[in-house]
There are 4 protein chains.
Amino acid sequence: MSVNKVILVGNVGKDPEVRHLDSGVAVANFPLATSESYNSKSGERVTTTEWHNIVLWRGLAEVAEKYVTKGRQLYIEGRIRTRSYDDKDGNKRYITEIYGDQMTMLGTRADNQGSSEQGGATQNSGSKSTPQVSEPDIEEPEGDEDLPF
Amino acid sequence: MSVNKVILVGNVGKDPEVRHLDSGVAVANFPLATSESYNSKSGERVTTTEWHNIVLWRGLAEVAEKYVTKGRQLYIEGRIRTRSYDDKDGNKRYITEIYGDQMTMLGTRADNQGSSEQGGATQNSGSKSTPQVSEPDIEEPEGDEDLPF
Amino acid sequence: MSVNKVILVGNVGKDPEVRHLDSGVAVANFPLATSESYNSKSGERVTTTEWHNIVLWRGLAEVAEKYVTKGRQLYIEGRIRTRSYDDKDGNKRYITEIYGDQMTMLGTRADNQGSSEQGGATQNSGSKSTPQVSEPDIEEPEGDEDLPF
Amino acid sequence: MSVNKVILVGNVGKDPEVRHLDSGVAVANFPLATSESYNSKSGERVTTTEWHNIVLWRGLAEVAEKYVTKGRQLYIEGRIRTRSYDDKDGNKRYITEIYGDQMTMLGTRADNQGSSEQGGATQNSGSKSTPQVSEPDIEEPEGDEDLPF
DNA sequence: TTTT
DNA sequence: TTTT
């Protein structure tokens, strides 16, 4: 009876960290930046950046491992999840993450690799550079508890 | 160059707290619950609830003050914002909030008030019980009729 | 490499028509109304209604058959699809439809049935009146061509 | 009491046609393609393309006039609107359009211009190549700093 | 009519 | 920590 949906277009802040759980399930984590600009009262242009903690599971994590790199522009659709953990001092802390259910690579390869032999709008051929992917299904990301975050 | 969008349909956990800043600007805060169900490996039906910290400004805050109450089912569209603050021990803490840009009251009055004289699908008359509102914008693209398509 | 997403909250205009294809696949069709209000230049409050042609497949169609009725308030998430057909005069015509991938019943039962023994915000017990459902997966709605629209 | 929202990421099919109404209001029209791939029953990879009729007003139309060109990858957020018109034979016809409320240019300039002196991830400097824009609204919730959370 |  |  409810909806929890997030849609982000932003830039990857660091190369993903990908773990493979004992169960064989892959999990990827990386930060994604979105930014907003507005004119302050005093007239300057102000830009603020928001950092999102992206978490991808299974197939999406594997795609991230292969194709997602720092600087990449991505579309991510997913849901918000806040979880608690104990910090080194035994205090309960909270962290909010975005569990991605859908991911689309934006821009072309030239854009994102800096290899730069080619700068046009055409996508690189062969090696299916940047697939669009989604979660296999509505399978729940269980086994979550196994993760030593 | 980026997008930070959240869409929620959930139930209000507590009556909003509404503050009026010195500037006259109103700010409302309240928790909104979304829930998800899935079948665990062991076969039971598991429901997890996610709590979202909703923040509304100005006109939306004023609408919340008047119409949003505990239990209410709402549609909220907004953006994610994580801010830091120092806790009582001087430690830096983070909290993630949803700044609402658009809000729609769901269900009918009977639904949400329990007064219940009337249960049909028709909306309550008079007193425009549950207005739909958004941040200032909403300039209508009129003049449409002028177009010689 | 692309995204085609629609999010609607509106009211069902007519009870769904549900067909069962030879393959056993169910398909449901019904209109959903969304409305917008704004103040015209001349100062009156103007409300315009938009009608969306909703199409649901398989499990979602079956849920619609059981639970979706005229007047019901629904959340629908899906994608836009425009298809052509030949009208009685042999002219090519186009129709745009929303293929729903996700559906959530809004409001409570009292709201939507008019039976009205109960009007509070609590959901009906037992018989899990209004389930939230989604497409089994990314299975393509093939067999579409079989439909005598 | 309703929501009519569309989110698209796709490629511009033709340079926009921009009109300036007598009132001074600008209107831009262009097609945007989104595509979907899936594996058919017979095992081949099938890609279908959906064409969306984008309509932008005022400031957004002016941005489109300056920056949107054929091939460009765009994020568009808006709403569905179906309108009728009479065709040359006097028959009533319908067309469904997407009225854009928000637009974001995706990829970098190198991506979209083919000028190609440069292929890396860095955006072109100067001439603020690809602004992100939205309909008039966007009043910032400043005064935030005043809040004694 | 785009893009991969 | 990204990007413009």
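Please read these numbers as outputs of a predicted model, since none were measured by experiment. The sequence lines fix the lettering, A, B, ..., with proteins before strands; numbering per chain opens at 1.
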Rounded off to whole Å, could you give me the [atom1]-to-[atom2] distance for the [X] and [N] pair?
{"X": "A/L74", "N": "F/dT2", "atom1": "CG", "atom2": "P", "result": "15 Å"}
{"X": "D/R72", "N": "E/dT3", "atom1": "CZ", "atom2": "C1'", "result": "14 Å"}
{"X": "D/Q73", "N": "E/dT3", "atom1": "CD", "atom2": "C1'", "result": "8 Å"}
{"X": "A/L32", "N": "F/dT1", "atom1": "CG", "atom2": "P", "result": "16 Å"}
{"X": "D/K70", "N": "E/dT3", "atom1": "NZ", "atom2": "P", "result": "7 Å"}
{"X": "D/I54", "N": "E/dT2", "atom1": "CD1", "atom2": "C1'", "result": "12 Å"}
{"X": "D/H52", "N": "E/dT2", "atom1": "NE2", "atom2": "C1'", "result": "11 Å"}
{"X": "A/I76", "N": "F/dT2", "atom1": "CD1", "atom2": "C1'", "result": "14 Å"}

Requested in this report: Tell whether A/T49 reaches the base of F/dT2 with its side chain through a donor-acceptor pair below 3.5 angstrom.
Outcome: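 Donor-acceptor pair under 3.5 Å: yes.
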Requested in this report: Answer yes if the side chains of B/R81 and B/Y99 hold a donor-acceptor pair under 3.5 Å, and no otherwise.
Outcome: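 There is such a pair (donor and acceptor under 3.5 Å, judged by atom type) between the side chains of B/R81 and B/Y99.
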Requested in this report: With DNA chain F as reference, determine whether A/T47 or A/P31 sits nearer its 5' end, using the nearest nucleotide of each.
Outcome: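 Whichever sits nearer the 5' end wins; that is A/P31.
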**Report entry** Salt-bridge criterion met for B/R83 and B/E97 (N-O under 4.0 Å)
**Finding:**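 Yes.
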Query - Under the side chain to side chain contact (heavy atoms under 4.5 Å, CB included) test, residues paired with A/D86 that sit two or more places apart - result: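 With neighbours one apart ignored, the set is A/K92.
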Can you identify which nucleotide, out of [options], has its nearest atom closest to the [X] side chain?
{"X": "D/N11", "options": "E/dT4, E/dT3, F/dT2", "answer": "E/dT3"}
{"X": "D/S35", "options": "E/dT1, E/dT3, F/dT1", "answer": "E/dT3"}
{"X": "D/A33", "options": "E/dT4, E/dT2, F/dT4", "answer": "E/dT2"}

Which atom pairs, one a donor and one an acceptor, fall under 3.5 Å between side chains of residues 8-17 of chain D and the rest of the protein, sequence neighbours left out?
residue : atom : partner : partner atom : Å
D/N11   : ND2  : D/G71   : O            : 3.2
D/D15   : OD1  : D/K70   : N            : 2.6

Query raised in the report: F/dT1 base stacked by A/W51? Criteria: ring centres under 5.5 Å, plane angle under 30°.
Result: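 Given the distance and angle limits, yes, they stack.
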Query raised in the report: A/Y75 versus B/V3: any side-chain heavy-atom pair under 4.5 Å?
Result: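 Of all side-chain heavy-atom pairs linking B/V3 with A/Y75, none is under 4.5 Å.
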